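For this chain, numbers begin at 1 and follow the sequence in order. In what follows, every heavy atom counts, from backbone to side chain, and hydrogens, waters and symmetry copies are set aside. None of these values were measured; they are calculated from a predicted model.
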Amino acid sequence: MDTLTFDSRDLDVTEDFLSRAYATMRIASGTPGSTRAQIHRAGIPTVSVDELALDFEMAYSVSPLGRICLCVVHEGTVRDHGFQGVEDSFGPGDVVLFAPPDLPYEGRICNARYNITMLDPALLAQVAGDGSRPVRLTGHRPRSAAAARHLSRTIAHLRDDVLSDAEIADQPLIAATAAQHLAASVLAAFPNTALDEPAAHGTEAHPAVLRRALAYIDDHADQPVTVADIAAAAHVTVRALQYAFRRHLDTTPLAQLRRVRLAHAHHELVAADPGSGTTVTEIAARWGFHHPGRFASLYRDTYRKAPHEALAGG
């Protein structure tokens, strides 16, 4: 996991830092005597979450980031924000897309505390597409207030429950699952070019698709697997795969993957020597479950006992 912390009252130093941390930009302060900037970042290769606090008014002009850049405003305002065809202002509680990855943008930060979340655009295709073409967000504001709240909670969960602990974030399965969860939440929140699911039929919904997909999940549950990986192994599109799972199993590919990983964690708990020092948290994290409380709840619902009881030989 990568982290960085920045705290400066020098505007030139802040401009240099922001240009290195994000993309080439020019900033200018309109608040005499107050130029403190505080930034903290935590990230994994495909996703980063930054918390920024600027106690002054700052105009910015930024070159294309090459990544999807989301902003959640906590305090203050972002005014006159614009990119090609869009001009808007944001206040506390707003969740927005700053700009498509290939477009520059500009605006003003006004004594604001806010969150910047950046993710690899390829994640959207992994979650919603067939991997052969990119998925683009076509609107800079979420579809609804409910969608915005859900995305904001997802970002907070990523920041507070995954990226706050390097040992958790460095677990490959946890990192991959967290990134996919964020991408899925982004797609659910914003209008995008991922087409509505077509009616799948014929060979695309054939049980053979499920056999190939289930075999791939079983064989690769210990690796960072995406929905696109499973679809490729089953020789269908992502949407056809999801249709087949819903039609024949009343579940989703990722839910099935979680079920298989839970079974592996269960077998490790039962087989572990209680005196070896192995913990429930270690085993859960190894199989992609980073939140001990949620893992314990899921485990009890499935196996009718607490995971520590299984580890103790109960």
Side-chain angles (χ1 to χ4, degrees), residues 43-49 67-72 95-97 100-101 115 117-163 169 171-198 213 217 221 223-232 234 236-246 249-262 288-291 294 298:
I44 52 181
T46 56
V47 176
S48 62
V49 178
R67 292 168 78 83
I68 293 168
C69 182
L70 309 173
C71 177
V72 181
V95 183
V96 297
L97 170 71
N115 168 290
T117 300
M118 294 190 291
L119 63 153
D120 187 339
L123 286 171
L124 301 188
Q126 291 176 7
V127 171
D130 59 11
S132 63
R133 57 184 178 181
V135 175
R136 295 179 61 89
L137 304 181
T138 56
H140 73 288
R141 282 188 176 267
R143 302 173 191 271
S144 66
R149 287 192 298 270
H150 181 269
L151 179 56
S152 183
R153 288 195 298 268
T154 300
I155 292 171
H157 162 70
L158 177 66
R159 179 194 64 204
D160 299 338
D161 297 332
V162 179
L163 299 180
Q171 292 281 346
L173 296 187
I174 288 177
T177 301
Q180 289 179 56
H181 183 205
L182 175 63
S185 296
V186 169
L187 288 169
F190 291 97
N192 59 78
T193 58
L195 300 178
D196 291 337
E197 180 181 79
I217 289 172
Q223 301 172 29
V225 173
T226 68
V227 178
D229 293 333
I230 302 170
V236 293
T237 66
V238 168
R239 287 184 290 276
L241 178 75
Q242 292 168 333
Y243 175 86
F245 266 76
R246 280 202 295 268
L249 299 178
D250 193 27
T251 189
T252 67
L254 289 183
Q256 176 64 20
L257 178 61
R258 184 178 67 171
R259 191 174 295 115
V260 170
R261 287 174 174 167
L262 181 65
F289 301 95
H290 66 274
H291 194 290
R294 293 194 182 97
L298 180 62

Side chains of residues 249-256: which donor-acceptor pairs under 3.5 Å do they make with residues two or more places apart or in other chains?
{"unit_1": "Thr252", "atom_1": "OG1", "unit_2": "Ala255", "atom_2": "N", "d": "3.1"}
{"unit_1": "Gln256", "atom_1": "OE1", "unit_2": "Arg259", "atom_2": "NH1", "d": "2.7"}

Legend entry - Full working for side chain to side chain contact (heavy atoms under 4.5 Å, CB included) between Val225 and Ile217: CA-CA 8 Å; Val225 173; Ile217 289 172; 5.7 Å; no
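- Remark: Ser152 engages Val72, Val95 in a side chain to side chain contact (heavy atoms under 4.5 Å, CB included) (not counting sequence neighbours).
- To the nearest 0.5 Å, atom CG of residue Leu124 and atom CD of residue Gln180 are 11.5 Å apart.
- Residues Leu70 and Leu151 meet the side-chain proximity criterion, which asks for heavy atoms closer than 4.5 Å.
- When His290, His291, His150 are each tested for a ring pair (Phe, Tyr, Trp, His ring centres under 6.0 Å) with His157, only one passes: His290.
- Listed here is the closest heavy atom pair of Ile230 and Ala213: CG2-CB, 3.7 Å.
- Residues Val260 and Ala221 approach most closely at CG1-CB, 3.7 Å, considering heavy atoms.
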Inset, instruction - In sequence, state the C-alpha distance, the side-chain angles, and the governing distance for Thr46 and Leu119, and then conclude on side chain to side chain contact (heavy atoms under 4.5 Å, CB included). - result: CA-CA 6 Å; Thr46 56; Leu119 63 153; over 6 Å; no
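- For His181, there are no ring pair (Phe, Tyr, Trp, His ring centres under 6.0 Å) partners two or more places apart in sequence or in a different chain.
- Nearest heavy-atom pair, Gln126 versus Thr226, reported as atom, atom and distance to 0.1 Å: OE1-CG2, 3.5 Å.
- Evaluation of the salt bridge (charged side-chain N to carboxylate O under 4.0 Å, His left out) rule for Arg136 yields Asp102 as partners, not counting sequence neighbours.
- For the atom pair Phe190 CZ and Ile68 CD1, the distance stands at 9.5 Å (nearest 0.5 Å).
- Checked by atom type and distance alone, the side chain of Gln171 never pairs as donor or acceptor with a backbone atom of Phe289 at under 3.5 Å.
- Partner of Leu182 under the side chain to side chain contact (heavy atoms under 4.5 Å, CB included) criterion, out of Leu123, Val47, Val162, Thr177: Val47 alone.
- With sequence neighbours excluded, no residue satisfies side-chain hydrogen bond (donor to acceptor under 3.5 Å, both in side chains) with Asp120.
- For the atom pair Leu298 CG and Arg258 CZ, the distance stands at 5.0 Å (nearest 0.5 Å).
- Here the closest non-hydrogen pair linking Val238 and Ala228 is CG2-CA, 3.9 Å.
- Residues satisfying the salt bridge (charged side-chain N to carboxylate O under 4.0 Å, His left out) criterion with Arg141, sequence neighbours excluded, are Asp88, Asp94.
- Closest of all the heavy-atom pairs between Thr154 and Ser185 is OG1-OG, 3.1 Å.
- Heavy atoms from other residues, nucleotides or ligands lying under 6.0 Å from CZ of Arg67 number more than 12.
- Using a 4.5 Å cut-off on side-chain heavy atoms (C-beta onward), Pro224 and Leu173 make contact.
- Annotation for Ala169 and Leu163: closest pair CB-CD2, 4.2 Å, computed over non-hydrogen atoms.
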